[in-house]
Amino acid sequence: MARMRTASSICVLMALYAWAVMAQAPAVDWQKQRAETLKHYRALVQLDTSNPPGNETRAVEYLKNVLEAEGIPTQTFALDPKRANLVARLKGNGSKRPLLILAHTDVVGVQREKWPVDPFGAVLKDGYIWGRGSRDDKPNLVANLMVMLLLKRSGVPLDRDVIFLAESGEEADVTGVGINFMVAQHFADIDAEFSITEGGGGTLDGERVSIINIGTAEKVPARVRLVATGQSGHGSVPRLDNPLIHLSAAVEKLGRWESPMRLNATTKTYFERLAAISPPETAAIYRALEDAQRAPASLRYLAEKDPRRYSMLRTSIVPTMLKAGVGPNVIPSEAEATLDIRALPDEDIKKFYEEMNRVIADPAVKIVPLPATRPPSPASRLDTDMYRVLEQVSKSMYPTAAVLPTMSTGSSDMAQLRAKGMQSYGIGPAVSAEDENYGAHSDVERLLESSLYKFVEFTWNVVHAASVHR
Ligand SMILES: [Zn+2]
């Protein structure tokens, strides 16, 4: 009873606080913004920016026209003229360091025969907008655009610069045209205290948003090749040093190895809050993670039933490729496997490879690290003003939703920004479990029209609360 009373008074306090946050935002007639939001969003989805080849300059030209028509100057930065990046800045009084709002303009390719509608039609059907990029990442792109337009029109004084970045080459930046180029060559133009971008989002349960995920950390790709060597020879003569035997034993050992489990601030809070909103049995599984006695049973459960959350607990090793042999009667002198390793943000990767060596325990097998695709990036903090704003806005817009800081098992362009010390947070529109089948990189992408509008409002509330001078 006492606990309930405390919980309900906390709820009242949070609602009051949320109301206070909302009350500070100037009234925007959101109904009125819908037509313009939809116009820009559809126009951007209709531009084919499939990467490869990208052609992101198409989107840059569109954005440049819209921003400059509003009196917001822009700059383009291009390593490849077809794959430009665009930066626009609204100046603040400099009392706080800038906020970077970024989104990528490229999308993954399409298999047209899988689509029920034109993948670049931005077709409106059943309350959804259908099209490649409708989820990844044009909602963030258009939300950022609308925020820039609305901030400029409102004329409100800002404590910090708000920097808009539309970047190319996120999906596959093999030539370094996007974030790598901007960070290496033009960092001064995007340098900020905080950034917000894709990498979070809401969970829709029917009409209700039940969870808001805020991306605060991501794992670090640290892939390796396992190379086994031995004497080549005739297939009719068994040899103990056959590299295939050594390699497969090593893959088997690593595949079964339970690398050490470790929680960080993000995953600790994530599992605590997830437990608070889960049915009793699953809640018990999450709560047991920090209990040495009961953790092994929880880990087994997650490994079997919930591999994504299992991966959030440790540096994961996943064999993804095998390569060996030239003929059925030839013992090759070399055999290799590729392991997709995703490290916890604070992992000492050299030590981890040593640990893997110990597990393999076979001098015939060597670990050869592959070139890094992303820099190691520390988790962003949960005690920053920006994170507080993200939580407050989530609570004010969705008072009954749980707000979960989240660590992605994948990687994003936030890695490069976090590596430069920028506290970076992932946000996104709310989607249902069914919509997950139409998400980023799916055969077919779509977004609920109402979620798009709510997400623009969310982004505005966040940028406003973090930047406007009071
Ligand atoms: Zn994306």
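Note that ligands are numbered from 1 as they come in the structure, with each ligand's atoms numbered from 1 the same way.
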- Electrostatic pair Glu336:Arg225 at N-O distance under 4.0 angstrom: yes
Donor-acceptor pairs are to be reported for all side-chain atoms of residues 114-123 against protein atoms at under 3.5 Å, with residues two or more places apart or in another chain.
| unit_1 | atom_1 | unit_2 | atom_2 | d |
| --- | --- | --- | --- | --- |
| Trp115 | NE1 | Asp443 | O | 2.9 |
| Asp118 | OD1 | Phe120 | N | 2.9 |

- Message: Does this structure show an ion pair linking Glu272 with Lys268, if we count only N-O contacts that are shorter than 4.0 Å?
- Response: yes
- Exceeds 12 heavy-atom contacts within 6.0 angstrom, atom CD of Glu207: no
- Around the Zn ion (ligand 1), what protein N, O or S atoms are found below 2.8 Å? His104 NE2, Asp136 OD1, Glu198 OE1, Glu198 OE2
- Task: Keeping to residues at least two apart or across chains, list the side-chain hydrogen bond (donor to acceptor under 3.5 Å, both in side chains) pairs with something in residues 139-152.
- Result: none
- Message: Among residues at least two apart in sequence or on other chains, which ones pass side-chain hydrogen bond (donor to acceptor under 3.5 Å, both in side chains) with Asn65?
- Response: none
